[in-house]
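Taking it in order: structure first as structure tokens, then the write-up.
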Amino acid sequence: MPHYSKTEKTKKPLPLPHARLPLPLLLFSAFCLFIGVAGIAFYLFAVLRTKPLPVFRCGRTEDTFRAFYALPNARRLGGDASGDRPKLLGFVGIQTGFSSVDRRAALRSTWFPSDPDGLLRLEQATSLAFRFVIGRSKDAKKMAELEKEVEQYKDFMLMDVEEEYQKLPYKTLAYFKAAFELFDAEYYVKADDDIYLRPDRLATLLAKERSHSLTYIGCMKKGPVITDPKLKWFEKSGHLIGNEYFLHAYGPIYVLSAEVVASLAISRNNSLRMFNNEDVTIGSWMLAMNVHHEDNRAICDPRCTPTSIAVWDIPKCSGLCNPATRMKELHKISMCSKSPTLPPDDR
């Protein structure tokens, strides 16, 4: 039997040296780890980031507010959650321009809601949708400033037309065509950004039963044709009209029924006569279409009354004189902003 010393009995075997991984395998493993971490990070970013709201267009016309119909409460507003044409009593396009920033600010501080939630609540209460309607400009600075305002308020319909006073009839036709494509409304309203409006009373007016499906509602007027080129309302094609204008609505606000706008929507380009003055141009189309003229003085009231729908300084100005200031002054008057929708005898 072999004899072992104490030292030999307690001696442990030496550990084997670790095998080293080849360098290519190490690099491949590191690359796979990087790809995995990057994939997880990208997934978390895609899930958690704020998703941009979708854009809704008719051609190159954009409704910057429409994405809010996709919100959970949109169904309560008569909007189609799929983003198709929302069904409404009326669509109101507030015509505005690049120089009217102060007017839009005045409206948003008075009767026009200043945030998307407010616009949704107003639509819910009245079944009327409201947008500022503006064209485009070749001035990059103006467009950049408009984009900032759109991002903040999201209450615009951006038209693919040149924003120019001399081209208002073209903008108006483009507005009605786009509004018809984007909204399924019973009535389409054209309004300017320099009137004080009561949306609740406008809704009451539009909700009345009418026997005429082709209806043109406005504050109707006639007057001499201006043939002097030095005057503001000069009509270049006045020789086609005669000495006096036909009956037509004042330009600051008027209403067309859905069937009227449907006919305009399918009209071919350059198939309609364009006069210098936008309200005269619309009036000429209405004569040709054999519509019913509904004269309503409540939408051209020079002061706030229990029945006034739209207030402006007729006949001194084509709208409110000094609108940015007057709008705020009127809003402070209880008869303008806080009186009941209907006078006591009509309730």
Side-chain angles (χ1 to χ4, degrees), residues 89-95 128 168-169 171-173 175-176 179 185-199 201-227 231-235 237-238 240-264 272-321:
L89 172 62
F91 177 77
V92 185
I94 308 298
Q95 310 298 307
L128 302 178
L168 282 182
K171 177 184 176 181
T172 302
L173 178 58
Y175 156 67
F176 281 121
E186 296 179 42
Y187 296 93
Y188 297 85
V189 183
K190 179 266 178 185
D192 288 345
D193 61 5
D194 55 357
I195 62 173
Y196 188 91
L197 186 65
R198 281 288 299 261
R201 292 179 183 168
L202 177 60
T204 300
L205 170 66
L206 299 185
K208 290 182 179 179
E209 290 190 13
R210 293 177 172 83
S211 58
H212 303 277
S213 59
L214 298 172
T215 301
Y216 173 37
I217 307 171
C219 194
M220 301 296 169
K221 65 170 180 174
K222 285 185 176 181
V225 177
I226 306 300
T227 56
L231 299 179
K232 182 178 180 180
W233 307 116
F234 165 65
E235 185 56 69
S237 300
L240 297 175
I241 302 172
N243 295 326
E244 186 178 68
Y245 283 120
F246 38 79
L247 190 70
H248 63 282
Y250 278 97
I253 180 171
Y254 53 84
V255 184
L256 303 182
S257 62
E259 284 199 28
V260 176
V261 177
S263 296
L264 294 178
L272 297 171
R273 170 73 64 179
M274 296 288 182
F275 292 101
N276 278 32
N277 298 302
E278 174 259 335
D279 54 358
V280 172
T281 301
I282 296 295
S284 70
W285 301 344
M286 297 303 101
L287 285 180
M289 295 172 66
N290 195 30
V291 305
H292 174 70
H293 289 59
E294 184 176 318
D295 187 17
N296 192 310
R297 297 284 142 175
I299 60 176
C300 62
D301 211 321
R303 58 191 176 87
C304 293
T305 69
T307 57
S308 58
I309 298 172
V311 178
W312 43 284
D313 294 319
I314 182 175
K316 292 189 297 181
C317 300
S318 58
L320 289 172
C321 303

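Arg210 pairs in a salt bridge (charged side-chain N to carboxylate O under 4.0 Å, His left out) with only one of the listed residues (Glu186, Glu259, Glu294), which is Glu294.
The side-chain heavy atoms of Leu264 and Met289, taken from C-beta on, include a pair separated by under 4.5 Å. Val189 has its side chain within reach of Ile253: a pair of non-hydrogen atoms, C-beta onward, lies under 4.5 Å apart. Residues Leu247 and Met286 are not in side-chain contact: their nearest non-hydrogen atoms beyond the backbone lie 4.5 Å or more apart.
Among residues at least two apart or in separate chains, salt bridge (charged side-chain N to carboxylate O under 4.0 Å, His left out) pairs with a member in residues 297-310 are Asp295-Arg297.
In this structure, Thr281 contributes its side chain and Phe275 its backbone to a donor-acceptor pair below 3.5 Å. In this structure a side-chain-to-backbone donor-acceptor pair under 3.5 Å is present from Gln95 to Gly93. Checking side-chain atoms of Asn296 against main-chain N and O of Ala298 turns up a donor-acceptor pair under 3.5 Å. When atom types are taken as modelled, the side chain of Lys190 and the backbone of Leu256 share no donor-acceptor pair closer than 3.5 angstrom. Checked by atom type and distance alone, the side chain of Trp285 pairs as donor or acceptor with a backbone atom of Arg273 at under 3.5 Å.
Among all heavy-atom pairs drawn from Pro252 and Gly319, the shortest one is CG-N, 4.2 Å. Contact record, Ala249 with Tyr254: CB-CB, 3.8 Å, taken as the closest heavy-atom pair. Here the closest non-hydrogen pair linking Pro169 and Glu278 is CG-CA, 3.9 Å. Nearest heavy-atom pair, Asp279 versus Tyr216, reported as atom, atom and distance to 0.1 Å: O-OH, 4.4 Å.
Atoms OG1 and CG, on Thr307 and Leu205 in that order, are 11.0 Å from each other to the nearest 0.5 Å. Taking CD1 from Ile94 and CG from Leu197, the interatomic distance works out to 6.5 Å, rounded to the nearest 0.5 Å. For the atom pair Phe246 CZ and Lys221 NZ, the distance stands at 10.5 Å (nearest 0.5 Å). For the atom pair CZ of Phe234 and OG1 of Thr227, the computed distance is 7.5 Å after rounding to the nearest 0.5 Å. Atoms CG and OG, from Leu272 and Ser263 in turn, are 10.5 Å apart once rounded to the nearest 0.5 Å. Annotation: the span from Ile282 atom CD1 to Leu173 atom CG amounts to 7.0 Å, rounded to 0.5 Å.
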Result block: side-chain N/O donor-acceptor pairs under 3.5 angstrom for residues 308-318, not counting sequence neighbours:
from: Ser308; atom 1: OG; to: Thr305; atom 2: N; distance (Å): 3.0
from: Ser308; atom 1: OG; to: Thr305; atom 2: O; distance (Å): 3.1
from: Trp312; atom 1: NE1; to: Ile299; atom 2: O; distance (Å): 3.1
from: Asp313; atom 1: OD1; to: Arg326; atom 2: NH2; distance (Å): 3.4
from: Asp313; atom 1: OD2; to: Cys321; atom 2: N; distance (Å): 2.8

